[in-house]
Amino acid sequence: MAEGGSRRICIMTTGGTISSVYDSEIGAYRPGMSIEGLLSGLPKDMGEIEVVTRDLFQLDSANAQPHHWIEIADAIKTITKEDSDIHGFVVLHGTDTMVYSAAAVSFMAQGLGRPVAFTGSQIPASVPWSDGPRNLRDAIRVAAWADLGETCIVFNGEIHRATRARKLRERAHDAFDSVDPTPLGLLGRDIVLYENRMRRTSPKPKFKMHLDEEVFLLKVFPGMKPSVITKIVDLGYHGIVIEGFGSGNIPTRENALGGVIKEALERGCTVLMSTQCPFGQADLSLYEVGKAALKVGALSAYDMTSEAAFVKLMWSLGQTDDLSEIAEIIHTNIVGEITMSPGAGMRGT
Ligand code: ASP
């Protein structure tokens, strides 16, 4: 893909390792470097790119809350309205919870027709061997020139759809992978983009920012007491994503969960079953122990990642509390996050 012509992009910072500096008082790294500081470490001549900057906040992403996702989407909304010439966005963010924030922005800010490229690094940009400058450079290339019209994560030379990415490595430079289907593209000498991506289009922005934050994410484990689910509903949660075993399976003998899932649904709490496997999908019709959840009315996340399913449930509950409407939203492919076909999930098998 040709990279040339003048471009105007917006870079936002939210913190994370990429912008961290060593604080000798606490004896650890903490976010704090400005966008200007980060840009000063990049090659001077990167083509005719004009950069507009927005310092949103400086947080380790472990401290990012759903209202911070809204803040990012809201900044995109404001800039989109004020400055229609922006070709793309870069969002600097910590890697720990980047997939949650990026997935949330995908759902909240649709139809932008241009890239929103989240990036960060495993080593602070203030350290000489950091992966930060390369990731920032790549994200700038994507925002400025890539024929991409969706929210993505640009990291270690790969472009991942936000709702399909997972942080799979805590330390290595290739922190993220795409979980079914394959990445959207690669960055080398050129930007190589695959057919599965959404292309740039003329913008038809649709902002739906409302979230219901009362959603719980639960991983089933052998020996888990069913009363855990009852307690979650008692605490006032309106939705639970349950990561079942394998294809979304739950215990049906000792510590059986079917009964408490049924009760949760009767009390108005939506239950969405996903898989705790990093690759693959929830297929509740495969085994008796999967049907147990389906039979009492739980929804299947199919091949959505648990992170995307969790954010999507918050976003769906933010729009309606009618269970059939929630089911319809959950099972509609909105930004490329779900494929409800039996072949989905094959990449990791
Ligand atoms: N704890 C950091 C964060 O998520 C890790 C990173 O950015 O890589 O903000």
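Each ligand, and each atom within it, is numbered from 1 in the order the structure gives.
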Heavy-atom check, side chain of Asn156 versus side chain of Asp131, under 4.5 Å: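 When only atoms from C-beta onward are counted, Asp131 and Asn156 do not touch, as no gap falls below 4.5 Å.
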Beyond-backbone contact of Ile240 with Cys269, side-chain heavy atoms, under 4.5 angstrom: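 The answer is yes; the side chains approach within 4.5 Å.
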Within-cut-off N or O pair, Thr97 and ligand 1, under 3.5 Å: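 No, Thr97 has no N/O under 3.5 Å of an N/O on ligand 1.
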Nitrogen or oxygen of Ser61 less than 3.5 angstrom from that of ligand 1: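 The answer is yes, given that Ser61 and ligand 1 share an N or O pair closer than 3.5 Å.
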I need the nearest protein heavy-atom contact for [atom]: residue, atom name and distance, please.
atom: atom 8 (O) of ligand 1; answer: Thr95 OG1, 2.5 Å
atom: atom 3 (C) of ligand 1; answer: Asp60 OD1, 3.2 Å
atom: atom 6 (C) of ligand 1; answer: Thr17 OG1, 2.8 Å

Non-hydrogen atom of Ser121 closer than 4.0 Å to ligand 1: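 Under 4.0 Å: yes for Ser121.
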Option among Arg169, Arg166, Arg164, Arg161 that satisfies the salt bridge (charged side-chain N to carboxylate O under 4.0 Å, His left out) test with Asp177: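 So, applying the salt bridge (charged side-chain N to carboxylate O under 4.0 Å, His left out) to Asp177 and each of Arg169, Arg166, Arg164, Arg161, only Arg169 qualifies.
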Sidechain-backbone polar pair: Asp23 side chain, Arg30 backbone, donor-acceptor under 3.5 Å: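 Here the side-chain-to-backbone pair does not exist.
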Proximal ligand 1 atoms for Gly16, defined as those under 4.0 Å from one of its heavy atoms: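 Those qualifying, in numeric order: 7 (O), 9 (O).
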Gln122: numbered ligand 1 atoms lying under 4.0 Å from its heavy atoms: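 What qualifies from ligand 1 is 8 (O).
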Neighbour count above 12 (heavy atom, 6.0 Å) for Lys167 NZ: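 Enclosed: over 12 neighbouring heavy atoms sit under 6.0 Å from NZ of Lys167.
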Proximity of Tyr302 and His331 rings by center, below 6.0 Å: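 That pair passes the under 6.0 Å test.
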